[in-house]
**Student:** 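After the structure tokens below, expect a handful of questions from me.
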There are 2 protein chains.
Amino acid sequence: MSAASIKEVARHAGVSLGTVSNVLNRPNNVAPATRQRVLDAIAELGYVRNDSARQLRAGQSRTIAIVVLDVANPFFTDVVRGAEQVVEEAGAMLVVCNSGEDSARERRHLELLEEQRVRGVLITPVGHGRQPNLGRLHNRGIPVVLVDRGSGRASRCSVAVDDVLGGRLAMEHLLDQGHRRIAYLGGPFSIPQVADRHAGAAAALAERGPAAELRVAPTTNLTVAAGRRAAEELLTLPVRQRPSAVFCANDLIALGVLQELTGRGLRVPDDVAIVGYDDIEFADAAAVPLSSVRQPREQLGRTAAQLLLEEAEAGESHRHRHVVFQPELVVRRSSDRR
Amino acid sequence: MSAASIKEVARHAGVSLGTVSNVLNRPNNVAPATRQRVLDAIAELGYVRNDSARQLRAGQSRTIAIVVLDVANPFFTDVVRGAEQVVEEAGAMLVVCNSGEDSARERRHLELLEEQRVRGVLITPVGHGRQPNLGRLHNRGIPVVLVDRGSGRASRCSVAVDDVLGGRLAMEHLLDQGHRRIAYLGGPFSIPQVADRHAGAAAALAERGPAAELRVAPTTNLTVAAGRRAAEELLTLPVRQRPSAVFCANDLIALGVLQELTGRGLRVPDDVAIVGYDDIEFADAAAVPLSSVRQPREQLGRTAAQLLLEEAEAGESHRHRHVVFQPELVVRRSSDRR
DNA sequence: ATAACTTCCTAAAACGTTTCACACGCTCGC
DNA sequence: GCGAGCGTGTGAAACGTTTTAGGAAGTTAT
């Protein structure tokens, strides 16, 4: 009942053990009549392959892991969905691990994955310095692809989105709409994404708007509450100095700003225009639909998985690649002063 | 480099293979000096256990799977986080699989999991009829716990939330606020949750509000867009027949309603009060913070994992249990007519 | 001095699969 | 009629671990 092995199937079908294996893996090498006898035996006994034995023999597993910073973050769930498509298509299995931005948990996961001899790992590593946890995998010859982290290192592949460009797109749009006093809301700047998006906005301003001004209103983190606080602070400014538009480092901040401003009786976009970042599902569902910079999240996952499979196939001959995607501005009512 | 086995460690340390195994699994049975020699060898060779071999020998794996309908749904991601805590504490590993509400994908995942000889499966199955996919696992003796699905069957454990009670809580709250003309927005009623929540609301009305009225405005699904359409329809009613409050089958619908109503110049909660269901993260961040019925999502996951581990331990002596949690009403501004 | 215990270690078997070398019986082509 | 080649099947080895029975010393009790 619980565990029929290939051996019992063989006995049942009156063939040798190797023949059963052939039916499973190279059916064309087995005469139709024999094949059918074996298949019948399999069905009758409810035989199911034992993957441990198979892997042990093969020396490698068919599973690929993705280690994310937060399973509950819409960004990562979409990346996972993208990776899933590619991995399943290749007949492999994707397991999702959650580091929760905790380096110790990340390490523990990677150790377990190493014991399982995973085929490869997609990961957005915790922190942004050296990655000792990843070094071990590398020594072991397990392919690693960095997700949403550009890699200076030539020793592994990476996929990321051009956040500088994203900042630029948002800023150019606001300039096009005629805004000349604009605020950037986001923080902390130690997060590469926050810094890059600001850099892009600043660059666009330098090129395009000699007469315009970009004020930075740093936030402690990227939450709705932080956005609300930042908006409160903007409202303390004399009306003439108040920005006519804000560009937020992510959508959560933008939603907080939107909420605070409308709560205080200001109209969006007429009094203040808002552009967010990420284009999360609720950007479109906000009280005033939110303009936002969209990242190709699923594609990020798909591409990362493809690079990984490619590397796993190619082995030594593989050349590492760094793919950078371009974000896209989605204009909605919050910044559309018609 | 790539694969040092126990055998090489043994040779390196000048001991037998069994001794190395003892160092790994029963260190106290090994003399300190020998133990140290072995540990040094392990470190030097970068030895990592091969889990396939270990499992093959043990006949069972240490991984537990959770199969969800949608990895991107905040409800499930929270359940996953809860399950994760318990599973990791037990030294096991949780793998997350996504059925995407597709029965074929669900089956394929379960087959792979069966091949891996998983220790157990937490699952919210696709559909609500018979579950042939689950029957196979059961025959094989793999414990299964149903998540967010009450189970009539005594053959497995389940954890769920009392949706009837949730509907009742929402309704009683609205009645307490003095509302007498109330609408229930949600659909399709083939989804157990939608039907249960309505049943609870209806029951509360029957008991408490002899003079009140509950109008049902069915929707095609549970999205923001559906909520917006339903709100439009409500607005076609003559003002005197218009409900003064709406109870929505989930928060997405509620957000759609909120958006449409405020867009048309109505005030929430003064003109119309709104209560949603699920208490998703954005309920609190909406333009008017949304009252909602909160489900103990993480606890759902934790409990499910505990039941599973318990069953996996106990084996035959295990008695199946059905745990039902109580939801909780979170009152915010959208229904608080101060 | 011997038996009975410990303590520490070894050798070998087993888990279920895949693969490889080979054997058997045919049919061809010459 | 004979080697070559093909199609089909067999048996054994190997993957790396855990476990079990037991052996070789050393210690204690008699």
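Within every chain, numbering begins at 1; the chains are lettered A, B, ... in the order of the sequence lines, protein sequences first and strands thereafter.
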**Student:** Quick check: do Leu300(A) and Phe75(A) have side-chain heavy atoms less than 4.5 Å from each other?
**Tutor:**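 SC-SC contact between Leu300(A) and Phe75(A) confirmed.
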**Student:** Where each residue is assigned the nucleotide of DNA chain D containing its nearest heavy atom, which of Gly18(B) and Ala53(A) is assigned the position nearer the 5′ end?
**Tutor:**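 Residue closer to the 5' terminus by nearest nucleotide: Ala53(A).
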**Student:** Using a cut-off of 4.0 Å on non-hydrogen atoms, how would the nucleic acid contact of Ser5(B) be classed: base, sugar-phosphate, or nothing?
**Tutor:**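 The answer is sugar-phosphate, as Ser5(B) gets under 4.0 Å only of primed atoms, P, OP1 or OP2.
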**Student:** Does this structure show an ion pair linking Glu310(B) with Arg321(B), if we count only N-O contacts that are shorter than 4.0 Å?
**Tutor:**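 Salt bridge between Glu310(B) and Arg321(B), a charged N being under 4.0 Å from a carboxylate O: yes.
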**Student:** Over how many whole Å does the gap from Lys7(A) atom NZ to dT10(D) atom C1' extend?
**Tutor:**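 Computing the Lys7(A):NZ to dT10(D):C1' distance gives 16 Å.
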**Student:** Measure the distance from CG on Leu17(B) to P on dT20(D) and round it to the nearest whole Å.
**Tutor:**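 The distance from CG of Leu17(B) to P of dT20(D) comes to 16 Å, rounded to the nearest Å.
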**Student:** Do the side chains of Arg81(A) and Asp70(B) get close enough for a salt bridge, i.e. N-O under 4.0 angstrom?
**Tutor:**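 Salt bridge: yes.
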**Student:** Within the distance-only criterion (no hydrogens, no angle test), does the side chain of Arg35(B) pair as donor or acceptor with the backbone N or O of Pro27(B) below 3.5 angstrom?
**Tutor:**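 It does hold such a pair.
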**Student:** Mind checking if Arg57(A) touches a base, just sugar-phosphate, or nothing, with heavy atoms under 4.0 Å?
**Tutor:**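 The answer is base, as Arg57(A) lies within the cut-off (heavy atoms under 4.0 Å) of a base atom.
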**Student:** Give a yes/no on whether any side-chain N or O of Ser21(B) is located under 4.0 angstrom from OP1 or OP2 of dT18(D).
**Tutor:**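 Affirmative; the distance criterion is met.
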**Student:** Please find the earliest and latest nucleotides of DNA chain C, in the 5' to 3' direction, that have an atom within less than 4.0 Å of any heavy atom of chain B.
**Tutor:**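 Nucleotide range in contact with chain B: dC8(C) to dG16(C).
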**Student:** To the nearest Å, how far apart are Leu56(B) CG and dA14(D) P?
**Tutor:**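 Taking CG of Leu56(B) and P of dA14(D), I get 17 Å after rounding.
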**Student:** Rounded off to whole Å, could you give me the CG-to-P distance for the Asn28(A) and dT8(D) pair?
**Tutor:**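 Distance check: Asn28(A) CG to dT8(D) P gives 10 Å.
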**Student:** Which residue lies toward the 5' end of DNA chain D, Asn22(B) or Ser52(B), if each is placed at its nearest nucleotide?
**Tutor:**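 Looking at DNA chain D, the more 5' nearest nucleotide goes with Ser52(B).
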**Student:** Remember a base hit wins even if backbone is also touched, and classify Asp51(B) as base, sugar-phosphate or nothing at under 4.0 Å, heavy atoms.
**Tutor:**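 The answer is nothing, as Asp51(B) stays clear of every strand by at least 4.0 Å.
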**Student:** Is it the case that the ring center of His318(B) lies less than 6.0 angstrom away from the ring center of His320(B)?
**Tutor:**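 When the ring centroids of His320(B) and His318(B) are compared, they turn out to be within the sub-6.0 Å range.
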**Student:** Is a side-chain donor-acceptor pair under 3.5 Å present for Asp148(A) with Gln193(A)?
**Tutor:**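 Checked: Gln193(A)/Asp148(A) side chains pair up, N/O donor to acceptor below 3.5 Å.
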